[in-house]
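In what follows, a single structure is set out as structure tokens and then discussed.
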Amino acid sequence: DTSLAEVNSFSPSMPISPSSMINQYKFEDEPELRDLFITVDDPESHITAIETFITYRVVTKTSRGEFDSSEYEVRRRYQDFLWLKSKLEEAHPTLIIPPLPEKFIMKGMVERFSDEFIETRRKALHKFLNRIADHPTLTFNEDFKIFLTAQAWELSSHKKQGPGLLSRMGQTVRAVASSVRGGVKNRPEMFIEINDYVETFSQKINVLDKIAHRIYKEEREYFNEMKEYGPIHTLWSASEEDIADSLKGVASCIDKCCKATEKRMAGLSENLLPILHEYVLYSEILMGVLKRRDQIQGELDSKVDALANKKTEKDLFSEEIGKLEDKVECANNALKADWDRWKQNMQCDMRSTFTNMAENNLHYYEE
Amino acid sequence: MEDCLAKKMEITVSEAEKRTGRNAVNMQETYTAYLIETRAVESQSEGQCAPVDSLWRRYSEFELLRNYLSATYPHIVVPPLPEKRADFVWHKLSADNMDPDFVERRRIGLENFLLRVASHPVLCQDKIFYSFLTQEGGWKEIVNETGFQLKVITVIVCLMTAVTQKYSNKHLSGCLRFTELKHYSDELQSVISHLLRVRARVADRLYGVYKVHGNYGRVFSEWSAIEKEMGDGLQSAGHHMDVYAASIDDILEEEEHYADQLKEYLFYAEALRAVCRKHELMQYDLEMAAQDLTSKKQQCEELATGTVRTFSLKGMTSKLFGQETPEQREAKIKVLEEQIQEGEEQLKSKNLEGRDFVKSAWADIERFKEQKNHDLKEALISYAVMQISMCKKGIQVWTNAKECFSKM
């Protein structure tokens with residue numbers, strides 16, 4: 001299977017460790033069934049008269065028939081990803097669209113274009129595209145295909161099509177208005193449960209995210225102190241004779257501990273922190289999806305109410321209502337299916353990420 | 001070491017008690033008293049247990065004992081006392097002298113002090129030390145009667161004089177060893193105190209890392225409430241996080257003992273310096289005596305031959321205001337000759353003293369060096385063992401946690 005072999009060989013700038021490969025494969029599709037492989041790498045900065053921005057290289061390899069070629073390489077900037085996400089949300093309002101990394105980082109003194117920031121963002125963008133690729137419905141979305149394959153000018157012209165600014169604003173206004181009307185009266189039991197779950201989950205995942213960051217910070221401070229600790233022993237050994245060797249031994253052990261601590265921290269920042277953060281964003285997305293579902297149902301409910309009040313134009317309304325009922329049913333089903341899928345994935349991800357963290361700590365102590 | 005007290009007598013500082021009393025200015029104060037128990041070692045093989053003698057002493061009495069020993073045996077590196085106030089604390093340790101952990105560690109330190117004195121070939125034979133251990137009342141009076149405070153004051157005065165005269169011993173022979181020793185004790189003191197400071201900071205940080213993991217326990221438990229399949233795994237993993245967070249307390253307590261061992265040698269460095277100082281002062285004394293003798297001899301010669309080689313005010317005034325009579329000169333010469341005789345004898349005995357001092361001091365210093373190397377090596381080894389055990393505990397906790405996570 002050549003596509004599998006190619007996964008291992010391309011993008012030398014992206015660290016592909018066995019465990020990250022396994023992580024990718026933990027998506028619900030079996031490796032042999034995957035026919036779309038995407039990587040995001042090679043950030044490059046572009047300076048124009050008006051602005052500075054970063055583009056990332058997006059490489060796609062595929063064996064799907066609907067793609068004209070089997071390999072694509074394009075450059076995309078963050079704005080393009082934002083566009084893709086909003087198109088997907090438009091097309092599938094009750095599907096769970098994966099999160100994008102934030103526009104800005106509020107906390108800390110991370111510069112807008114520091115290497116660390118860019119690398120974190122690149123990894124998140126890579127995750128984003130792959131999650132879409134693994135989603136049974138989203139993967140066949142037309143805009144997604146265009147995103148992966150179109151050259152820069154093609155993409156710009158495609159973006160200009162579709163509902164104009166005014167109609168998009170109209171949609172937004174309607175959405176806000178319907179949410180202002182308050183919670184939906186006839187929310188099905190299942191979605192009430194999901195809502196409650198998401199609220200609690202969101203709380204807990206946020207706390208976990210904070211805890212993990214705090215642990216990272218404490219480990220970093222510990223590491224800084226340890227760096228000073230070893231050399232003192234070496235200094236001491238210079239004044240001693242008999243115990244000089246023992247002291248040097250202790251110094252070298254302490255240095256080894258330092259290195260092990262560095263590894264432990266790297267493990268945290270590469271694995272646990274990004275996943276926890278992704279799920280923090282996911283919990284916000286889930287709230288959004290649930291709202292949109294409520295909105296759709298709200299439309300139906302208000303039309304039904306209107307029908308009950310008006311005796312005439314029954315037929316017209318019935319047709320509309322029929323359509324809306326279908327819409328609601330579709331939305332509900334889509335959401336339910338996607339919800340189940342999301343939960344499965346979440347469980348998988350959490351399991352593997354925490355197991356990974358435990359293993360990391362094990363290695364730390366073993367060293 | 002054959003006849004040392006430690007072999008004949010079991011000594012322990014077994015308890016500590018808070019007391020209130022009145023101090024020297026009749027104000028109420030709180031202090032801690034320590035129970036010293038002693039028991040003769042002889043008949044243990046026959047299964048008989050000798051009776052235990054005990055008495056209470058407070059820290060200030062230990063200090064008095066040590067000051068006495070330092071003054072009476074200036075050529076000995078006298079074992080140090082545990083610290084008076086808690087130093088090198090990291091945030092969880094309290095700096096309060098009444099804190100039970102501090103009192104406990106001090107109790108161990110005091111016992112260690114007594115054992116060290118009792119196993120020292122010279123110090124263990126001291127009568128005052130023996131009465132410290134066995135005589136409850138009136139010990140203070142006995143110590144003061146020895147007049148050791150006078151020796152202390154003499155040393156201080158000598159020191160101040162030498163300092164004001166900017167005395168340096170570069171040009172004296174036989175001092176190279178002591179100069180090196182002084183440098184060594186300075187280095188030892190600075191490196192150990194640096195080490196202890198950094199260790200305290202490292203301990204603080206490590207404490208933070210472990211304790212934050214405890215938060216996982218709480219959140220996992222809350223999260224498990226809303227999960228179905230993941231619930232059990234999360235809950236039990238949370239429990240292990242709690243275990244992990246709690247384990248740091250014992251680990252760091254053990255490390256405190258290691259820190260105390262290092263502290264002992266930090267204070268020993270001070271004792272080493274005291275011996276060096278005494279040697280310096282003796283050399284200074286010797287040199288001053290020699291100088292004095294030389295100048296007196298010169299004066300004598302001048303008077304006898306009538307030549308003036310050195311300037312003296314008296315000589316000038318006598319030249320200006322008339323010569324002395326031959327009788328006056330004779331009298332002066334006689335006085336000087338007596339003084340010279342005395343001076344030469346004194347110089348001889350001081351030289352002897354000096355040589356004896358160097359010999360016995362150096363013997364004790366060699367003994368100290370061996371003891372130090374042995375003790376520090378053992379301390380380092382035990383530190384390594386502690387670290388290994390900490391890692392083993394860590395491995396266990398995370399293996400368990402990993403299992404729980406994989407069952408999620």
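Sequence lines set the chain letters: A, B, ... in the order given, protein chains first and strands last, and positions in each chain run from 1. Only this structure's heavy atoms are used, side chains among them; waters, hydrogens and symmetry mates stay out.
- Heavy-atom distances place both the backbone and the side chain of B:H213 under 4.5 Å from chain A.
- At least one side-chain heavy atom of B:L181 sits under 4.5 Å from a side-chain heavy atom of B:W362.
- From B:D364, atom CG reaches atom NE2 of B:H75 across 7.0 Å, with rounding to the nearest 0.5 Å.
- With a 4.5 angstrom heavy-atom cutoff, B:K372 touches chain A only via side-chain atoms.
- Among B:L188, B:V212, B:T399, the residue with the largest count of heavy-atom pairs under 4.5 Å with chain A is B:V212.
- Distance check: A:I243 CD1 to B:E378 CD gives 12.5 Å after rounding to the nearest 0.5 Å.
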Verdict with supporting geometry, A:H233 and A:K248, side chain to side chain contact (heavy atoms under 4.5 Å, CB included):
CA-CA 6 Å; A:H233 293 80; A:K248 282 192 210 148; over 6 Å; no
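- One N or O on the side chain of A:N130 and one on the backbone of A:H126 form a donor-acceptor pair closer than 3.5 Å.
- Proximity to chain A (any heavy atom under 4.5 Å) is shown, for B:L234, by neither the backbone nor the side chain.
- Of the listed residues (A:E240, A:E219, A:R214), the one with the most heavy-atom contacts under 4.5 Å to chain B is A:E240.
- Neither the backbone nor the side chain of A:R220 comes within less than 4.5 Å of any heavy atom in chain B.
- By number of non-hydrogen pairs under 4.5 angstrom with chain A, the leading residue of B:K392, B:E227, B:Q396 is B:E227.
- Each of B:K377, B:H183, B:K211, B:K393 has some count of heavy-atom pairs under 4.5 Å with chain A, and the biggest count is that of B:K377.
- Of the listed residues (B:N400, B:L206, B:N215, B:V397), the one with the most heavy-atom contacts under 4.5 Å to chain A is B:L206.
- Counting only heavy atoms from C-beta outward, the side chains of B:H194 and A:Y229 never approach each other to under 4.5 Å.
- Both the backbone and the side chain of B:Y216 have a heavy atom closer than 4.5 Å to some heavy atom of chain A.
- Expressed to the nearest 0.5 Å, how far CD of B:Q387 lies from OH of B:Y258 amounts to 9.0 Å.
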Let's go through B:K369 and A:E241 carefully: what are the C-alpha distance in whole Å and the side-chain angles of both, what is the deciding distance for salt bridge (charged side-chain N to carboxylate O under 4.0 Å, His left out) to 0.1 Å, and is it a yes or a no?
CA-CA 10 Å; B:K369 273 192 190 160; A:E241 290 157 11; over 6 Å; no
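- With a 4.5 angstrom heavy-atom cutoff, A:A212 touches chain B via backbone and side-chain atoms both.
- Proximity to chain A is limited to the side chain of B:I192, based on heavy atoms less than 4.5 angstrom apart.
- Interface summary for chain B: among A:N224, A:I232, A:T200, A:V250, the most heavy-atom pairs under 4.5 angstrom belong to A:I232.
- The CG atom of A:L95 sits 12.0 Å away from the CD1 atom of A:I285 when rounded to the nearest 0.5 Å.
- When heavy atoms are compared at a cutoff of 4.5 Å, A:Y216 does not approach chain B at all.
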